[in-house]
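These notes are about the structure you will find just below.
Chain identifiers are assigned alphabetically (A, B, ...) following the order of the sequence lines, protein sequences preceding nucleic acid strands; residue numbering begins at 1 within each chain.
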Amino acid sequence: MTDFETGTPLVKRGLAEMLKGGVIMDVVTADQAKIAEDAGAVAVMALERVPADIRAEGGVARMSDPQLIDEIKAAVSIPVMAKARIGHFVEAQVLQSLEVDYIDESEVLSPADYVNHIDKLGFDVPFVCGATNLGEALRRITEGAAMIRSKGEAGTGDVSEATKHIRTILGEIRNLSSKSKEELYVAAKELQAPYALVKEIAETGKLPVVLFTAGGVATPADAAMMMQLGADGVFVGSGIFKSGNPEQRARAIVKATTHFEDPAVIADVSRNLGDAMVGINVNDLPAPHRLAERGW
Amino acid sequence: MVTVGVLALQGGVREHQELIESLGARAIAVKKESQLHDLDALIIPGGESTTISKLIDAFDLKQPIAALIASNIPVLATCAGLILLAEEVDGKPGFFKNLPIKVTRNAYGAQLASAEAVVDYQDGSENAAFIRAPKILDFGNSEVIGRVADEVVAIKFGNIIGASYHPELTNSTMLHRKLLELTASN
């Protein structure tokens, strides 16, 4: 219908605005997608292997089988996201043709291009991209990302990198707000980001897109901490379906994300949750196995 | 001062708060039953309707919200909020069932079909965002207050205003002004 204009920056960013305060869960089957939806997830990320398994099995990680994505889309009514490799614009074209609701250009998969990210402005489907700091977030937004997630270290169950990245991004935004006009030119140079965007953020004190956090969230308290630190919402990857009782843990993380400022609710949902994912300490990971360092 | 509660379990809460405050009223984010008292109006925002309905149940808010709406308080329900108040959703009974309307969720399709459009009201036109929006298939005996071309996208029934879109994403103030007018005559 001509009265409706699709693919605009507003509607791309708008979907992410509607996911705020919610939990996006990694799922590898239609059954898991259903469990996630029933638990109150605001969206699912359809993939073949959760990051913990990608990490354990090694090898090249790629876009999921379209058949799997179709099955997951058919199983739920909440938005379905899927991952493309960094720089792999044809995987992104395929995911757009499958009508996924959001594409995650993700460091969790093996990069397809070590220089360029996807030109996301050329797509009608919105993209979410990872970032470890403000400069990286602004470069992704310049390329057309309609949502940012702090990277953390996926597949570890160790929340420390997620903490570091969300604190870094929000701290750098606070820093910008205190700078004078002439200092912002240098800030743009140091952030390796366009001056106009840097100036806008200095004025508004926030990113122009929604900021979620990801990578290592495994407990209700982890999710609530990310929200208290200032995230708009949370991605949980391996943390749910690698735990002892996925249904209950998924519900608990959703509730803790809603009532993130209420320790009594977090205590209540954390009771008798069973085993969390075993996890790996990020400090024990050799540098080549740190996914957050992919992307630039 | 007029106080408007925005149900804040999940979704586009902040934008509604900012719009209400820009119109000179007070906005509070409502997550608990105790916050439902002393409100002059209620906004049920957009977000994921499945998620919001599950959180309403999980935190035992269904009965208190239903009682508040039954007390004839002015309500603005947008997108997911409209779905939650509809009598029939996708051919099945709705959640609160206060609006005599039938809606289909995600009626336009996946996110690729999300769009901006100009909504025509009796007293003006404003741009709005339709994000994985529902469609009002049958507006029953409610009053039509907004259309895109000949499609009904906003209705009023008693003290409840419902819209299938997001006025809050485009700073469209028409529905929020109508909500505040209802509090004045309530």
| remark: Note: vs chain B, highest number of non-hydrogen pairs under 4.5 angstrom among A/Gly7, A/Gly14, A/Ser77 is A/Ser77
| request: Would you confirm whether A/Glu105, through its side chain, and A/Ile118, through its main-chain N or O, come within 3.5 Å as a donor-acceptor pair? | output: yes
| said: Is A/Ala43 in contact with chain B via its backbone, its side chain, both, or neither, using a 4.5 Å heavy-atom distance? | reply: neither
| Under 4.0 Å between a Lys/Arg side-chain N and an Asp/Glu carboxylate O for A/Lys12 and A/Glu17? | no
| task | Show your reasoning for whether ring-ring contact (aromatic ring centres under 6.0 Å, His included) applies to A/Phe89 and A/Phe123. | result | CA-CA 10 Å; A/Phe89 53 88; A/Phe123 288 79; 8.4 Å; no
| field | Between A/Val125, A/Asp232, A/Asp124, A/Leu10, the one whose heavy-atom pairs under 4.5 Å with chain B are most numerous | value | A/Leu10
| query | Which region of A/Val265, side chain (C-beta onward) or backbone (N, CA, C, O), has a non-hydrogen atom less than 4.5 Å from a non-hydrogen atom of chain B, or is it both or neither? | reply | side chain
| Residue part contacting chain A, namely of B/Ser114, when any heavy atom lies under 4.5 Å | both
| N-O pairing of A/Arg149 and A/Asp104 below 4.0 Å | yes
Distance-only check: which donor-acceptor pairs under 3.5 Å involve side-chain atoms of residues 61-77 of chain B, not counting sequence neighbours?
residue : atom : partner : partner atom : Å
B/Lys62 : NZ   : B/Phe95 : O            : 3.3
B/Ser71 : OG   : B/Leu68 : O            : 2.5

| message | Please identify, among A/Glu261, A/Lys73, A/Arg251, A/Arg13, the residue contributing the most non-hydrogen atom pairs under 4.5 Å to chain B. | response | A/Glu261
| query | Heavy-atom distance under 4.5 Å between the side chains of A/Phe4 and B/Tyr108, does that happen here? | reply | yes
| field | Contacting region of B/Leu112 [heavy-atom separation from chain A under 4.5 Å] | value | both
| Where does B/Thr170 contact chain A at under 4.5 Å (heavy atoms): side chain, backbone, both or neither? | side chain
